[in-house]
Number of protein chains: 2
Amino acid sequence: MTPENTRQKGSLKALAKELNLSITTVSRALAGYSDVAEKTRLRVVKAAADANYVPNSAAKMLVTGRSGYIGLTLPLRSEPFSDPFLGEFIAGLGEALAERGQDLLINTVAANQTEMQVLQRTVESGRVDGIVLTRIKEKDERVDFLRKRNIPFVTHGRTLHDHSDYSWIDTDGEFAFSHATDLLLSLGHHRIALFSITEHMMFRYVRELGVTQTLENSDSDASVTVSHVDRFDTDGCFAEALRVLRQPNRPTAILALTDDIALAVLDAASELGISVPNQLSVIGFGNIPQASVVPPGLTTFDQSTRTTAEQIGKVLMDSIDGKTVTQQQLIRPFLVSRGSHAAAPNVKSSA
Amino acid sequence: MTPENTRQKGSLKALAKELNLSITTVSRALAGYSDVAEKTRLRVVKAAADANYVPNSAAKMLVTGRSGYIGLTLPLRSEPFSDPFLGEFIAGLGEALAERGQDLLINTVAANQTEMQVLQRTVESGRVDGIVLTRIKEKDERVDFLRKRNIPFVTHGRTLHDHSDYSWIDTDGEFAFSHATDLLLSLGHHRIALFSITEHMMFRYVRELGVTQTLENSDSDASVTVSHVDRFDTDGCFAEALRVLRQPNRPTAILALTDDIALAVLDAASELGISVPNQLSVIGFGNIPQASVVPPGLTTFDQSTRTTAEQIGKVLMDSIDGKTVTQQQLIRPFLVSRGSHAAAPNVKSSA
DNA sequence: TTCCTCATCCGAAACGTTTTGAATCCGTGA
DNA sequence: TCACGGATTCAAAACGTTTCGGATGAGGAA
């Protein structure tokens, strides 16, 4: 049905010759400059459409110095396989970029190189107009590099110090875990366990802070014990949960830094015949797909990954366009209340 | 610690001047040609490393005609949000490409354009050396376009007709559903319902085929009724499941074309107080994260998305290198046997 | 000495755009 | 008739590579 006009050799030159015009004029006509007569502009546009003309990306890039690409480096393969976060994130990002005509360039680091090398090559080769960084560590050399290199970038998450002079979007983990702690306290829980992670990620820091600060500021005599587990090691999480739950004075509530960990905790509870939420409350973070179907339903926080990614895309676009100075945003996750939390057992003992 | 040599103005020209050599020689030295003296080669390589030189991507692209990018167009936003498939797929693909130094270029289609337009622009602008296509329809114009355009591409899935002259990797859905049907028959099920989808995707066709063919070829008098639902419309799936399960002679087993649908079916069964697997067997496809935690555990097929994506990457690389003719592969999913299937109730009635 | 070969290096073209600064054309007012 | 100005158009440079076809120089054979 459609013309199916399959060009092979595309170029302004060919178009120009066909139209008896100079390359300059054709180029400017297509770009919509006002110094080309309306009549010829129409001629050119029509011919271009007929010839199925699309400007060569490399040539344009070379002369304008802009590629139209945003760089994102993929997590290393050591990271977990089934990560719903990644798909969501990319989808959200892609959408924000598409509106402005940018595309997303994804680099995976090969076996024989480091993420920093990939990042450096990507930036120095002029492949990208901007960079998105995820999984920010408390101290992150990638941030230092990009800052020094003076290329637009936005991070998902932030470093512990010196995060005032670059743009970032972060999930307000402190708020979430503070909220969760308050919730547990109000339900009469006194012995709380926090399952945190071993990695030095910034989000670990703020989430732990949310718990400890809230506890300190409360007039409750509740206490929290912290475990540090490898969040990608399900067996390890499970084992630690078993250990904690077998203690004589076991906690009545467990806060898990991620839903994956919460899942392992639920498993362990089930293994030990501990009923959730009657004998144990569990609250996670992330609202992964499993959360809604695992019995009795995991109470957790939704971090609206997609929205966050869209925000990141927008801020980055602004930054590339030179429109704004640095922007920083803390996005509040919201509690998804399901069946895994309840009032503490033995409520009688509440002062 | 590191030199932190922040170049701003990179170019062969600068390097050449610094070394008192011609641009040609520097270029050829870095490329490892044999017509540059070993001694100067070492000098050049050292200087390049010191200067932190990375060749400009656009310039290279322009002259070589190769970008080093593989194109992947993202599903439209109408698709479901939480799709673990996408992340897996991109991760697998990225990994295969990284080994050969290719990167992944992701295009999202904006609101005012079609996927075909995006694809065409991407190809015609010379942005990519090859294309990966997913979600193949029974008849797919994208395949036709790429074939005509004569650019390397590999599809995940295949079209119904004429799929012999291009490269594809597909999941053997026919095998899986044939297997599942056999399994149900051997467990004594006579009334089977198949929950299929409304879209005209190629995978629908082959999965349905697996069921019907197996049934025809068996000497059982079992029958199958087919429902067509919108797989992204959870409520619709649920409603249809309710309808089917409320029938006087309701099926004793349900095959769901995807795990999402299976989840809705499990929900409906639970709503009606029908016990799975005692009164109803349910088998899905995809092995999404929920499958392992939803009670009583969803029996389903794992399609090893990551491996598939890696294969696609490899085949595409071969194709770009001109190494091979078309390659086609059917990857067998494997059954993940969990708690949602069992022998049919009323086994006495087996002839 | 002269010529040839080999090793090494280099100038210039080419890739397909965008953009600058100038050229051309036309009508109008003097 | 001539100069001027505005509206159009264009030639050429530039972006940073790769590569083709020599150029240069040294050493050895005739």
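This structure is a prediction, so every number in the text was calculated from the model and none was measured. In what follows, every chain begins at residue 1, and chains take the letters A, B, ... in the order their sequences are listed.
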- Do A:W168 and A:H156 make the cut of ring centroids closer than 6.0 angstrom? no
The residue among A:K148, A:R142, A:R147 that forms side-chain hydrogen bond (donor to acceptor under 3.5 Å, both in side chains) with A:D144 is A:R147
* Test side chain to side chain donor-acceptor pair (under 3.5 Å) applied to A:D140 and A:T159, step by step -> CA-CA 7 Å; A:D140 206 303; A:T159 48; over 6 Å; no
Report task. Look at the side-chain N and O atoms of B:S27 and state whether any lies under 4.0 Å from the OP1 or OP2 oxygen of D:dT17. Result -> no
- Between D:dG16 and B:Y53, is there an OP1 or OP2 to side-chain N/O distance shorter than 4.0 Å? no
A:K60 NZ to C:dG16 C1', in whole Å, measures 11 Å
Protein heavy-atom contacts under 4.0 Å, written 5' to 3' over nucleotides 7-15 of chain D as B (base), S (sugar-phosphate only) or - (none), form the string -SBBBB--B
Residues A:A91 and B:L86: closest non-hydrogen pair is CB-CD2, 4.5 Å
note: B:K17, atom NZ; C:dC10, atom P; distance rounded to Å ~ 15 Å
From CE of A:M61 across to P of C:dT19 the rounded distance in Å is 15 Å
**Message:** On the nucleotide D:dT19, are OP1 or OP2 found under 4.0 Å from the side-chain N or O atoms that B:Y33 carries?
**Reply:** yes
To the nearest angstrom, the CG-P distance between A:L30 and C:dT19 comes to 13 Å
note: B:L19, atom CG; C:dC9, atom C1'; distance rounded to Å ~ 14 Å
Q.
Pair B:D170, B:I331 - check side chain to side chain contact (heavy atoms under 4.5 Å, CB included), show working.
A. CA-CA 6 Å; B:D170 202 356; B:I331 294 187; over 6 Å; no
Rounded to whole Å, CG of A:L15 lies from C1' of C:dT17 at a distance of 13 Å
Going through the distances and angles, do A:Y166 and A:Q327 end up as a side chain to side chain contact (heavy atoms under 4.5 Å, CB included)?
CA-CA 7 Å; A:Y166 63 92; A:Q327 290 187 55; over 6 Å; no
